[in-house]
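Take a look at the structure below.
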Amino acid sequence: MTYLQNAKTILQAGCEQPLKHQVHLIQQLLQALAYLHRRGVLHRDVKPENVLVADGTVRILDFGLSSNQQVDKISPLGSPLYMAPEQITDGLLTPATDLYAVGVLLYELLVGKHPFAPLDFQFLDRVLRAEPSWEGIDERIRPFLVQLLAKKPDFRPPFADAALTRLAKTLGKSAPEESAAIRESYIQAAAFVGRVAETEQLVQAMKQAKNGKSSAWLIGGESGVGKSRLLREVSTQAMISGWQVLHGQ
């Protein structure tokens, strides 16, 4: 794991900062969630303590409550301040559940307090039935924030990447560029299909090396066609067979 020196929570890093900076932090958070949602993972505990910022980069921590998507009829788990209504009522949990927590964080960044504060005996009732005050929130951001904090998940963006697109459209800008790691996640998230001949060829070469006939191979092709994915598949098969796999750069 990367050591996060002098890390701050997303609220500490973004409160009382310019809107542009706050939006940039939320965009990074959504990119990280998009990475998870593509793999069928719900975080289920998005809160300031689990969203840290170090050197301007947002990172999500603590997957102790994470689960597969489409979790139904479970006991309420999470931090009450950031639990979506469906988490409170034992409803179906989807990626939109994580996006509700993003909405709470965004509201706190913009307003400086929780949309349903204080945390008292009526707090959960307000989460389920009340509407937050929209006073002081930039009119450009408000429609997007209303969607994130919708009581019913069907009215929120279905996935984090959809939320990224809506946020950019709200601001009249293009969505932020994806990093190489995020682009790679499209490939990693998918089941490994195709490349049968290439896989068999490399596995056969591995078997020959085990019998004393070693060889070297160059994997070529356009960026994004799945070269790294192919090599990971072969590496997995090699490790299953007892090989030690080394990676160099």
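Here the structure is a predicted model, which means the values were calculated and not measured.
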If you compare all heavy atoms of [X] against all heavy atoms of [Y], which two are closest, and at what distance to 0.1 Å?
X	Y	answer
Ala96	Pro153	CB-O, 3.8 Å
Ala160	Ala34	CB-N, 3.4 Å
Arg195	Val225	NH2-O, 3.2 Å
Arg156	Pro85	NH2-CD, 3.6 Å
Phe123	Pro80	CE2-O, 3.4 Å

Quick one: does [X]'s side chain have a donor or acceptor within less than 3.5 Å of a partner on [Y]'s backbone?
X	Y	value
Arg126	Pro118	yes
Lys151	Val127	yes
Lys227	Glu222	yes
Arg142	Ile137	no
Glu86	Leu93	no
Gln28	Gly56	yes

Using a cut-off of 6.0 Å, state whether more than 12 heavy atoms not belonging to Asp55 lie near its atom CG. no
Just checking Phe63: does its CZ atom have more than 12 heavy atoms from other residues, nucleotides or ligands closer to it than 6.0 angstrom? yes
Spacing of [X] atom [atom1] and [Y] atom [atom2] [to the nearest 0.5 Å]:
X	Y	atom1	atom2	answer
Arg38	Leu33	CZ	CG	11.0 Å
Asp45	Leu61	CG	CG	11.0 Å
Ser174	Leu171	OG	CG	10.5 Å
Gln122	Arg129	CD	CZ	12.0 Å
Leu52	Leu4	CG	CG	6.0 Å

Between Asp138 and Arg140 (salt bridge meaning N to carboxylate O under 4.0 Å), is one present in this structure? yes
Show me, pair by pair, the donor-acceptor contacts under 3.5 angstrom made by side chains of residues 98-110, not counting sequence neighbours?
from, atom 1, to, atom 2, distance (Å)
Asp98, OD1, Arg44, N, 2.9
Asp98, OD2, His37, NE2, 3.1
Asp98, OD2, His43, N, 3.0
Tyr107, OH, Ser133, O, 2.5
Glu108, OE1, Tyr82, OH, 2.8
Glu108, OE2, Tyr82, OH, 3.2

Would Tyr35 and Val41 satisfy side-chain contact (heavy atoms from CB on, under 4.5 Å), going step by step from the backbone distance to the final call? CA-CA 9 Å; Tyr35 189 91; Val41 175; over 6 Å; no
Any luck finding a side-chain donor-acceptor pair between Gln87 and Thr97 under 3.5 Å? no
For Trp217, which of Leu202, Val234, Leu231 qualifies under side chain to side chain contact (heavy atoms under 4.5 Å, CB included)? Leu202
Salt bridge (Lys or Arg N to Asp or Glu O under 4.0 Å) partners for Asp62, two or more places apart: none
Count I, L, V, M, F, W, Y as connected when their side-chain heavy atoms are under 4.5 Å apart, and connections chain through other members. Are Leu19 and Val53 then in the same cluster? yes
Given the rule that I, L, V, M, F, W and Y join up when any side-chain heavy atoms are under 4.5 Å apart, are Leu36 and Met83 in one cluster? yes
